[in-house]
Amino acid sequence: MKTIGILTSGGDAPGMNAAIRAVVRAACEKGMKVYGIRRGYNGLMDNDMYEMNLRTVSDIIQRGGTILYSARSPQFKTEEGMAKAIATCKERGIDGLVVIGGDGSFRGARDLSLRGIPCVAIPGTIDNDIGCCDYTIGYDTALNTVMQMVDRIRDTTESHDRCAVVEVMGRGAGYIALNSGIACGATSILIPEIEYDFERDVIERMKRTQKTGKVHFVIIVSEAIGDVDEIAKRIQAETGVESRATVLGHVQRGGCPTCKDRLVASQMGYRAVELLNEGIGNRVVAMQKEKILDFDIYEALNMKSGIDINLYKIAMDISI
Ligand code: ADP
Ligand code: F6P
């Protein structure tokens, strides 16, 4: 392939810039022309892009967000939207595309590949919810951000003998909640993958630890579970412990990527270009057991990963 495009799509994630940098540098090294497409599939439909070079990706490896901007693009899912995107690729002479995003973006990449535009997808989402991957770009940074924020909340919770109920992101997945919950010593962790009994898993746990002298509590709740204000009110009513709810929100999506996110993003970006350079499309680059692999997009979208039940058990056994 002589000319490729690159875009970031869906919710942004720290480390996307490191992946963009790796793609552009690797492609330039191989003598390819690279278009940076703005705002995900919107830019592809609207022909909004610019040619990138070694220097357009200088000084971005350490920056959160994405220099290409991101978007959710409902129009792209329509036949008309798809036709516009393909027409742009033809007009610009784009032979292949790198798509960085979550599984929604992967479905778009699969549809484009089926219509003759070879795509390689790179997992970029803080949620870590892509079936074929142990790890998605942005997850480690988000986890560390949550940990730092909850540590701060814990300080004031301790000073006031309170219970902090903290909602974290993850869409339908509990990876951020479970792992940050362990790292922050949460008394209870509520995630969508594991059925819970509120009385047994929150109230009784708090009462048990109260008997051993514990007077302040952190409860981590995945966003898919429900309203944290209601949960805090219920805890206060049933335990008598003054409770406050915090929704961490988009702070979890920003900030400088961690070393791990920069490293993984760099390797994934490099592999994506290797594949396109060999004329291979319709692939997802993935990390499994610390190795960079690639899978057919269709197969990747059907792969399932799950929460580590043992990890949940450890969390419950040691946070009392
Ligand atoms: P993420 O990539 O983080 O999962 P979204 O689910 O919002 O985020 O998807 C990002 C974009 O990918 C959507 O706005 C849309 O343009 C495209 N997309 C999502 N689902 C599909 C689909 N089933 N078919 C084609 N394109 C899709
Ligand atoms: O997929 C990333 C994510 O941050 C999810 O954790 C969250 O549910 C969603 O995106 C929030 O999306 P938005 O930024 O559109 O509110």
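Atoms within each ligand, like the ligands themselves, are counted from 1 in listed order.
- The minimum heavy-atom distance between Thr56 and Ile67, with the atom names listed, is O-CD1, 3.9 Å.
- Scanning all protein heavy atoms for the shortest distance to atom 16 (O) of ligand 2 gives His250 NE2, 3.3 Å.
- The two residues Asn42 and Ser73 make their nearest non-hydrogen contact at OD1-OG, 2.7 Å.
- Here the heavy atom of the protein found nearest to atom 3 (C) of ligand 2 is Arg253 NH1, 3.5 Å.
- Per-residue contacts place Met169 under 4.0 angstrom from the following atoms of ligand 2 (heavy atoms of the residue considered): 4 (O), 6 (O).
- Gly170 counts as a contact of ligand 2, since one of its heavy atoms falls under 4.0 Å from the ligand.
- The shortest heavy-atom contact between Asp129 and Ala173 is CB-CB, 3.8 Å.
- Regarding atom 7 (C) of ligand 2, its nearest protein heavy-atom neighbour is Glu223 OE2, 3.4 Å.
- Listed by chain and number, the residues in a ring-ring contact (aromatic ring centres under 6.0 Å, His included) with Tyr312 amount to none (sequence neighbours excluded).
- At a 4.0 Å cut-off, not a single heavy atom of Gln252 sits close enough to ligand 2 to count as contact.
- Shortest contact from atom 6 (O) of ligand 2 to any protein heavy atom: Asp127 OD1, 2.7 Å.
- Around ligand 1 you find Ser9, Gly10, Gly11, Tyr41, Arg72, Ser73, Phe76, Lys77, Gly102, Asp103, Gly104, Ser105, Arg107, Gly108, Asp111, Arg171, each with a heavy-atom distance below 4.0 Å.
- Summarising the local packing, CZ of Phe198 is surrounded by more than 12 heavy atoms from other residues, nucleotides or ligands at distances under 6.0 Å.
- Phe76 and Tyr41 have parallel rings, their planes meeting at less than 30° on a 0 to 90° scale where 60° marks the start of perpendicular.
- When side chains are defined from C-beta on, Val168 does not count as touching Val221, because their heavy atoms never get closer than 4.5 Å.
- Met147 approaches Cys184 most closely through the heavy-atom pair CA-SG, 3.7 Å.
- For Ala71 against Arg39, the heavy-atom pair with the smallest separation is CB-O, 3.5 Å.
- Between Ala315 and Arg205, the shortest heavy-atom distance links the atoms O-NH2, 4.4 Å.
- Scanning the protein for heavy atoms near atom 15 (O) of ligand 2, the closest one is Arg72 NH2, 3.3 Å.
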